[in-house]
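The residues of the chain are indexed from 1 along the displayed sequence. First listed ligand is number 1; within each ligand, the first listed atom is number 1.
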Amino acid sequence: MQAVILAGGFGTRLRPLTLNRPKPITPLCAIPFLRYQLALLRAHGVHDVILSVSHLPEAIRAVMGDGASEGVRLRYVVEREPLGTAGGFRNAAGLVDGRVVVLNGDILTDIDLSAMLRFHIARGARATICLTRVEDPTVYGVVELEEDGRVRRFLEKPSPNQVTTDTVNAGTYLLDAELLELIPSGTVYSMERQFFPDLLTRRVPFYGWVSDAYWLDIGTAQKYRQASRALLSREVRLPVTPPGTIGPAGWVGDRVVIAESAKLLPPVVIGEDCRIGERAHVGPFTVLGAGTSVGADAVVVETICWEGVSLSEGTHLIGSLLGQGCRIGEHAWLGPVVLGDGAVIPPYSRA
Ligand code: GTP
C-alpha cells in the first residue's frame, strides 16, 4: 500500500514558528515531525510515501530527503499555490494506484492502521475515514455514522447546538486511488468540505472507523506543547526516539556539557552540543534543541527551545516556546510565550 501525506499548508495557527519552517518538519522532541508519521506508516508495512507539499517545499526536501534514512521511499509533488487538502491529494494522482492511506501532515497518532485496513476490506469500502473522540468537537469536522458504520453526515466546525456526536475527522483516510477522478485538477478543493460530501451524494461505499488510539493535531502552540508532553511521557507508542542516550532524566545528545551543580528534572530532551551552566534547573518536560546554552542559575521548566537558543544567566522560563536562535537576556522571566526564530529579549524583561 502507498501513502500520501498532505504537507502543503501554511500552518497559520502555529505562526510565527511556521514562517521559516513548515509545520510538518517542526521539531518535536528534537525530531522533525514527519518522522513520527513515517514511523507509523513503516510499522504498518507502508514504505512508498508521497509528500504533497507547497509552502517552503525545499525546506521539507532538505530535511526529509528521499526517505532512505527512514526506511521508506519518499517522493514529492509540489503545488505552486496550495490547492487545499483534496487538491494536494489530486496532485499525487500520477504516482498512486490501488488503496492509498492519506494522512494530514500534522497529526500525532499511533492508530492501528492495519486494523483500519481490515475494517475497510471487510466492509467493501472504497473510502474509510478514521474518527477520534474529542472533548470539543466544534473546532473539528464532526462525522455522523449509521449503525453499520457508513458515513451519514459531515459537519465542518459545527456550532455547539449542532453537535450530535463527539467523533471527529482524525485526518487519516483509506481511499481507492480511482476516486481521485472526482477531484478537479488545478483548482483549490477541500477534502472535508467538497470531496467527502461528494462521496455521500454519489453513494460511494464510505465508512467511518473509530479509533481510541492517541491522537492530537499539532496545529496550534497549545497543541504543539501538548504533543511534546505526550511524547516525553510516552503516551504515544511510536518506534522513534529522540537523538542521544537515554539516562535517568531523559535523552541527552552527544557532546553535551552539564555543570556538576546543575539539575535535570525528568523528563527532558537535551540536544547535542547543548551546555548547561552551574546551578541551572532544566525540566521537567523541557526540550533543548541542539546547540542551546543555558546560563548559570537559569530555571527552564516545561519549555521547548528549538536549535541554537541562548538563555543567559538567571533566566526563568516556564511553559515558553522558543524558535531557532532566540536569545534571552540575563534575568528575563518568561511565561507561556511563543517567540519566532531569532527573537532577542533584553535582560530583566517580564513577559
Ligand atoms: P492552518 O493554516 O493553521 O489551518 O494550518 P494548515 O495550513 O496546516 O491547515 P490544516 O491544519 O487545515 O491542514 C491539515 C493538513 O493538510 C496539514 O498537514 C497541511 O499541511 C495540509 N494541507 C492544508 N492545505 C493544503 C494544501 O493546500 N495543499 C497540500 N498539499 N496540503 C495542505
Side-chain angles (χ1 to χ4, degrees), residues 2-28 32-38 40-41 49-61 63-64 74-96 100-109 111 129-132 134 136-143 154-157 168-173 175 180 183-196 215-227 321 338 340:
Q2 294 175 290
V4 175
I5 301 182
L6 301 171
F10 286 116
T12 52
R13 290 165 300 153
L14 204 49
R15 285 177 182 162
L17 295 172
T18 46
L19 290 175
N20 304 324
R21 206 178 304 199
K23 184 167 56 171
I25 52 163
T26 52
L28 263 183
F33 181 68
L34 278 175
R35 284 191 53 200
Y36 295 99
Q37 295 201 319
L38 295 183
L40 173 74
L41 291 169
V49 182
I50 289 108
L51 287 183
S52 172
V53 296
S54 182
H55 173 53
L56 303 174
E58 291 316 316
I60 299 186
R61 207 189 291 265
V63 169
M64 302 307 296
L74 263 188
R75 286 176 291 171
Y76 297 78
V77 286
V78 185
E79 298 142 63
R80 208 175 301 155
E81 291 296 323
L83 291 176
T85 41
F89 177 43
R90 176 73 174 75
N91 228 20
L95 300 180
V96 293
V100 186
V101 193
V102 180
L103 290 179
N104 279 357
D106 62 351
I107 48 167
L108 177 65
T109 182
I111 67 160
I129 177 168
C130 176
L131 305 178
T132 187
V134 292
D136 177 15
T138 59
V139 291
Y140 295 99
V142 170
V143 184
F154 265 88
L155 274 171
E156 198 54 30
K157 304 195 173 64
V168 303
N169 176 357
T172 307
Y173 322 113
L175 301 171
L180 281 163
I183 305 172
S185 64
T187 52
V188 176
Y189 210 70
S190 159
M191 208 69 131
E192 304 80 359
R193 292 189 169 81
Q194 292 164 291
F195 177 67
F196 291 142
W215 183 89
L216 186 73
D217 80 276
I218 62 157
T220 63
Q222 185 243 333
K223 302 256 190 63
Y224 176 86
R225 287 191 182 95
Q226 203 180 325
L321 184 39
V338 182

Those residues with a heavy-atom separation under 4.0 Å from ligand 1 are Leu6, Ala7, Gly8, Gly9, Phe10, Gly11, Thr12, Arg13, Lys23, Ser52, Glu79, Pro82, Leu83, Gly84, Thr85, Gly88, Asn104, Gly105, Asp106

Set of ring-ring contact (aromatic ring centres under 6.0 Å, His included) partners for Tyr189, sequence neighbours left out | none

What residues, two or more places apart in sequence or in another chain, satisfy ring-ring contact (aromatic ring centres under 6.0 Å, His included) together with Tyr173?
->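 By the ring-ring contact (aromatic ring centres under 6.0 Å, His included) rule, Tyr173 matches Phe196.
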
Non-hydrogen side-chain atoms of Arg21 and Leu56 separated by less than 4.5 Å = no

Mind checking whether Asp217 and Tyr140 have side chains closer than 4.5 Å, heavy atoms only?
->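 Of all side-chain heavy-atom pairs linking Tyr140 with Asp217, at least one is under 4.5 Å.
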
For Ser185, check side-chain hydrogen bond (donor to acceptor under 3.5 Å, both in side chains) against everything at least two apart and list the hits.
-> none

From Thr26 OG1 over to Tyr224 OH, what is the distance, rounded to the nearest 0.5 angstrom?
-> 5.0 Å

